[in-house]
Amino acid sequence: MVKLQRFHEDKALVRQFGKYILEKQDSALAGNSDAVFNIAISGGSMNKVLYEGLVNNKDTFPHIKWPQWRIFFCDERLVSFEDPLSNYGQFKKAVLDPLVHKGDQLNLGPTVYTINQSLIGGGETANKKIAEEYASSLPASFDLILLGCGDDGHTCSLFPGEAFNYLVEEMTRKVVWCHNSPKPPTNRITITLPVIADAKHICFLATGSSKKNIMHDVLIIKNSELPSVLVNEMIGSRVTWFLDDAAGALIPQDC
Ligand SMILES: O=C1O[C@H](COP(=O)(O)O)[C@@H](O)[C@H](O)[C@H]1O
């Protein structure tokens with residue numbers, strides 16, 4: 001069974017989200033300065049909450065051991081890093097750039113693993129190679145994976161619908177090329193369900209009223225055609241959902 005964390009106020013949500021990540025960092029590092037914290041993050045609305053919860057937060061910021069962080073992307077859009085759709089580009093703007101401006105952190109930032117930008121635009125063979133190369137950079141398992149949930153129930157770039165079964169059915173490769181994505185851009189790469197299933201902790205974040213219907217489908221109806229539901233079903237005991245009131249509007253309070 002998944003854990004639900006619900007919040008009336010944005011401030012409380014970002015504070016608790018930051019605290020949750022910090023706890024997972026501390027348990028991964030266990031006070032060992034040689035250890036690393038392997039975290040995979042999602043794009044979209046996650047970035048603002050990461051900034052507010054980790055960087056612009058005096059309770060968490062001083063305790064984050066940035067140099068020991070190894071940051072990966074749950075999915076990436078196959079566009080240049082300067083393109084507004086790039087997940088890395090969005091993360092850089094929202095989190096890394098402000099972090100650099102915090103002075104001392106300049107040379108003490110996290111290690112961030114991006115896709116091989118030089119292969120973008122090279123067609124099918126290059127797209128498959130981007131996925132393969134990214135897979136080879138992943139750690140054996142993640143300490144924490146932070147997931148979003150689109151208003152269609154997708155998570156990472158694992159989309160619902162028969163045309164995308166090849167994504168959720170992939171049980172061998174760690175990263176695959178997602179082609180003909182129903183949301184722009186057309187070409188993406190995504191980690192697969194076995195990678196998610198191997199993680200120590202999974203945390204979903206869903207905020208805003210545009211998520212209220214899908215949250216009902218995911219958490220109440222539990223429609224197993226939705227990739228987000230598949231994650232809950234696979235490893236529910238390691239999954240925590242952070243919801244604001246708007247996203248959780250159709251979820252009974254006693255749920
Ligand atoms: O396309 C994507 O969408 C999901 C959900 O994004 P959100 O802005 O609706 O929270 C995101 O988790 C994923 O990384 C991204 O590529």
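Start at 1 with the first residue, then count along the sequence. Order of listing sets the numbers, starting from 1, for every ligand and every atom in it. Just so it is clear, the model here is predicted, and its values are computed rather than measured.
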Under 4.0 Å from any heavy atom of [X], which atoms of ligand 1 are there?
X: His154; value: 1 (O), 2 (C), 3 (O), 4 (C)
X: Gly43; value: 11 (C), 13 (C), 14 (O)
X: Ser42; value: 12 (O), 14 (O)
X: Gly148; value: 12 (O)
X: Ser45; value: 7 (P), 8 (O), 10 (O)
X: Gly44; value: 8 (O)

Which residue and heavy atom of the protein sit nearest [atom], plus the separation:
atom: atom 5 (C) of ligand 1; result: Gly150 N, 3.9 Å
atom: atom 9 (O) of ligand 1; result: Lys211 NZ, 2.8 Å
atom: atom 1 (O) of ligand 1; result: Arg77 NH2, 2.9 Å
atom: atom 16 (O) of ligand 1; result: Asp75 OD2, 2.5 Å

Flag the pair [X] / [Y] as yes when their ring centroid distance falls below 6.0 Å, and as no otherwise.
X: Phe142; Y: Phe72; value: yes
X: His179; Y: Phe164; value: no
X: Phe7; Y: Phe242; value: yes

Under 4.0 Å between a Lys/Arg side-chain N and an Asp/Glu carboxylate O for Glu132 and Lys128? no
Determine, for Lys183 against Asp151, whether the closest basic-nitrogen to carboxylate-oxygen distance falls under 4.0 angstrom. yes
Under 4.0 Å, heavy atoms only, figure out whether ligand 1 is touched by the backbone of Asn87, its side chain, both or neither. side chain
Region of Lys183 engaging ligand 1 - heavy atom pairs below 4.0 Å: neither
With distance as the sole criterion, is a donor-acceptor pair present between the side chains of Ser181 and Arg188 under 3.5 Å? yes
Report yes or no: does Glu76 have a heavy atom closer than 4.0 Å to ligand 1? no
Assess whether atom CG of Asn56 is packed by more than 12 heavy atoms of other residues, nucleotides or ligands within 6.0 Å. yes
More than 12 foreign heavy atoms under 6.0 Å from NZ of Lys92: is that the case here? no
Can you classify the ring geometry of Phe37 versus Trp69 as parallel (below 30°), tilted (30 to 60°) or perpendicular (above 60°)? perpendicular
